[in-house]
Number of protein chains: 2
Amino acid sequence: MGNETMKIPQATAKRLPLYYRFLNNLHSSGKQRVSSAELSEAVKVDSATIRRDFSYFGALGKKGYGYNVNYLLTFFRNTLDQDELTKVALIGVGNLGTAFLNYNFLKNNNTKIAVAFDVAEEKIGSAVGDIPIFHMNDLEEVIKREKIGVAILTVPSQFAQTITDRLVGADVKGILNFTPARLTVPSSIRVHHIDLAVELQSLVYFLKHYSESEQE
Amino acid sequence: MGNETMKIPQATAKRLPLYYRFLNNLHSSGKQRVSSAELSEAVKVDSATIRRDFSYFGALGKKGYGYNVNYLLTFFRNTLDQDELTKVALIGVGNLGTAFLNYNFLKNNNTKIAVAFDVAEEKIGSAVGDIPIFHMNDLEEVIKREKIGVAILTVPSQFAQTITDRLVGADVKGILNFTPARLTVPSSIRVHHIDLAVELQSLVYFLKHYSESEQE
DNA sequence: ATCAACTTGTGAAGAAAATAACAAAGTTGA
DNA sequence: TCAACTTTGTTATTTTCTTCACAAGTTGAT
């Protein structure tokens with residue numbers, strides 16, 4: 001344990017951004033120290049799980065004291081590579097896409113939507129904030145030029161696979177897929193699916209079949 | 001196994017809506033039978049996992065043949081209570097909220113956004129499709145009158161907890177939270193969090209630290 | 001100084017989920 | 001009718017994740 005080069009469990013890795021954001025909140029509100037119990041209350045993750053998660057990175061806390069917010073924050077900033085800006089492309093500027101364009105990922109995450117694509121002529125050439133909207137035809141060219149490695153896919157599902165193939169061709173390594181389609185990609189490409197209908201449906205299923213809620 | 005009243009593993013329950021949708025697709029395209037291997041290819045879930053998932057509901061397939069699409073579909077329709085319409089409230093008609101309003105959940109899921117709420121005067125009284133938009137002030141009254149048990153929360157995060165408290169007061173049992181806030185609710189209420197920034201951030205983390213992708 | 005109170009980090013146990021592997025049963029085509 | 005093939009359902013195994021529980025270190029009040 002505590003070997004920084006070792007791979008962290010996936011479940012832990014998924015919680016890191018969450019921890020990071022709440023530590024930022026604490027920092028902003030002037031808090032100097034925090035215990036795993038307090039953090040647990042805030043992020044709704046068992047305190048033992050939090051301590052275990054942190055322990056993969058070594059001994060970050062102090063017994064009887066807790067964690068120094070600043071130290072932890074600095075540590076995670078480095079670990080999460082928050083200093084290096086990650087450029088993201090948004091594919092499909094519909095309602096969902098627009099929601100992303102207006103979302104300030106930069107603030108906490110140092111992740112920036114650098115370019116967007118659509119097919120609607122009236123959108124092309126315009127910009128949302130400082131994010132220019134290109135025509136889908138220019139996908140490969142722009143993505144390669146801007147050296148973009150991550151894409152958010154918010155297009156109608158019937159186009160999802162075709163566009164995915166083009167993204168893979170343009171050397172994109174990660175896709176956040178909001179389409180109901182399940183994408184086929186080479187194994188070197190990572191896809192995270194967020195399926196809104198499935199999320200809603202499974203919530204409904206849990207409500208009907210698991211009356212006493214155990215928090216997800 | 002095969003006892004319909006027993007509780008299904010959570011991981012399985014989360015995949016059911018996905019299976020259901022793909023079975024619908026298969027049905028629409030005229031397919032009569034399907035093997036776990038084929039389904040696996042389509043939904044990107046290991047075929048053994050699919051067979052295991054199905055087996056919680058009994059022996060739905062036939063050796064050497066696979067599964068009858070129609071039979072499976074009918075079975076899941078009943079199991080997932082697809083015949084009973086679930087009414088949902090949407091809280092916050094911004095870009096993200098509007099994306100939901102335009103999403104036809106009814107089609108596959110028999111889940112319907114019945115009402116929406118916002119505070120912007122120009123939106124109140126209007127409707128998106130057949131979904132009326134009410135003022136946030138009328139939240140409790142409308143939700144109780146319409147007997148709504150599920151809410152989708154797409155409001156600015158600073159209002160999330162206050163509105164959640166009101167939803168709980170109006171007898172909502174499940175909340176799909178798109179806000180970065182982690183909500184505090186009584187244990188009888190179920191909350192599913194979908195945190196867009198965390199999703200994006202954790203995808204970026206995986207790309208940087210797990211070069212050879214194991215699909216999530 | 002002393003000591004009660006606090007809180008971490010982790011070994012051990014437990015729970016949940018995924019995967020492997022294969023007998024049994026059914027299908028298909030000759 | 002039979003042999004080759006297919007595919008399930010499930011048992012066993014492995015992997016992953018969570019939680020318990022507590023020794024050991026630290027704090028802070030007196």
Side-chain angles (χ1 to χ4, degrees), chain A residues 1-4 6-16 18-19 23 26 31-69 71-72 75 187 202 206 209-210 212 214-216, chain B residues 1-4 6-16 18-19 23 26 31-69 71-72 75 187 202 206 209-210 213-216:
Chain A
M1 300 305 126
N3 176 347
E4 295 75 19
M6 125 191 253
K7 278 194 184 165
I8 301 301
Q10 299 216 4
T12 297
K14 287 191 178 185
R15 284 187 292 263
L16 295 181
L18 187 62
Y19 296 148
L23 288 170
L26 289 177
K31 218 157 179 332
Q32 305 279 329
R33 56 183 269 193
V34 66
S35 67
S36 59
E38 283 175 283
L39 205 47
S40 169
E41 170 61 22
V43 300
K44 314 290 181 196
V45 170
D46 187 274
S47 69
T49 301
I50 293 177
R51 292 200 299 282
R52 168 86 53 204
D53 283 346
F54 286 1
S55 80
Y56 292 116
F57 299 100
L60 303 178
K62 223 188 227 176
K63 300 182 184 191
Y65 174 90
Y67 301 88
N68 179 290
V69 173
Y71 177 76
L72 213 49
F75 184 86
S187 73
S202 81
F206 278 114
H209 297 263
Y210 297 68
E212 284 317 284
E214 320 90 79
Q215 206 72 244
E216 175 203 1
Chain B
M1 302 305 126
N3 177 348
E4 295 75 19
M6 125 189 253
K7 279 193 184 167
I8 301 299
Q10 298 216 3
T12 297
K14 287 190 179 186
R15 283 186 292 264
L16 295 181
L18 186 63
Y19 296 149
L23 287 171
L26 288 177
K31 219 157 178 330
Q32 305 279 331
R33 56 185 270 195
V34 65
S35 68
S36 58
E38 284 175 282
L39 206 47
S40 168
E41 171 61 23
V43 300
K44 314 290 180 196
V45 170
D46 187 273
S47 70
T49 301
I50 293 177
R51 291 199 300 281
R52 160 95 48 220
D53 284 346
F54 287 1
S55 80
Y56 292 116
F57 299 99
L60 304 178
K62 226 188 227 176
K63 300 184 183 192
Y65 175 91
Y67 301 88
N68 179 291
V69 173
Y71 177 77
L72 214 48
F75 183 86
S187 72
S202 80
F206 278 112
H209 297 263
Y210 298 69
S213 147
E214 321 92 80
Q215 207 71 244
E216 174 203 1

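Order of the sequence lines sets the chain letters (A, B, ...), proteins ahead of strands, with each chain counted from 1.
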Rounding to a whole Å, what distance do you find between A:R51:CZ and C:dC6:P? 15 Å
Nucleotide of C:dT19, D:dT19, D:dT18 approaching A:R15 most closely (side-chain heavy atoms): D:dT18
Whole angstroms only, please: what is the CD1-P distance between A:I50 and C:dT8? 9 Å
If I compare all heavy atoms of A:Y19 with all of A:V45, which pair ends up nearest, and what's the gap? OH-CG1, 3.8 Å
Drop me the distance from A:K62's NZ to A:Y71's OH, to the nearest 0.5 angstrom. 11.0 Å
Side-chain contact check for A:P9: nearest option of D:dT19, D:dC17, C:dT10 is D:dC17
First locate atom CD1 of A:I8, then atom NZ of A:K14, and finally report the distance between them rounded to the nearest 0.5 Å. 15.0 Å
Base, sugar-phosphate alone, or nothing: which one does B:F54 contact when heavy atoms must sit under 4.0 Å apart? nothing
How long is the gap from OG on B:S36 to CZ on B:R52, to the nearest 0.5 Å? 12.5 Å
Going by number, which of residues 34-42 of chain B have a non-hydrogen atom under 4.0 Å from DNA chain D? B:S35, B:S36
Which nucleotide in the list C:dG9, C:dT19, D:dT19 gets nearest to the side chain of B:R52? C:dT19
Measure the distance from CG on A:L72 to C1' on C:dT7 and round it to the nearest whole Å. 14 Å
So, for B:S47 and B:S40, which heavy atoms are closest and what is the spacing to 0.1 Å? N-OG, 3.6 Å
I'd like to know if the side chain of B:E38 and the backbone of B:S35 have a donor-acceptor N/O pair within less than 3.5 Å. yes
How many Å lie between CD on A:Q10 and P on D:dT18, as a whole number? 12 Å
Nearest 0.5 Å, please: how far is CG in A:L16 from CZ in A:F57? 4.5 Å
Of the candidates C:dT19, D:dT19, C:dG9, the side chain of B:D46 sits closest to C:dT19
Would you list the protein and nucleotides 27-30 of chain C atom pairs, both N or O, that sit under 3.5 Å from each other?
| residue | atom | partner | partner atom | Å |
| --- | --- | --- | --- | --- |
| C:dT28 | OP1 | B:R33 | NH1 | 2.9 |

Mind checking the CG-CZ spacing from B:D46 to B:R51? Nearest 0.5 Å is all I need. 8.0 Å
Nearest whole angstrom, please: distance from the P of C:dT8 to the OH of A:Y71. 15 Å
B:K7 NZ to C:dA17 P, in whole Å, measures 13 Å
How long is the straight-line distance from CG of B:L23 back to CG of B:L18, given to the nearest 0.5 Å? 9.5 Å
Any B:Y67 side-chain N or O less than 4.0 Å from OP1/OP2 of D:dG9: yes
Given that both distances must come in under 3.5 Å, which nucleotide forms a Watson-Crick or G-U wobble pair with D:dT15? C:dA16
May I have the distance from B:N68 (atom CG) to D:dT6 (atom C1'), rounded to whole angstrom? 17 Å
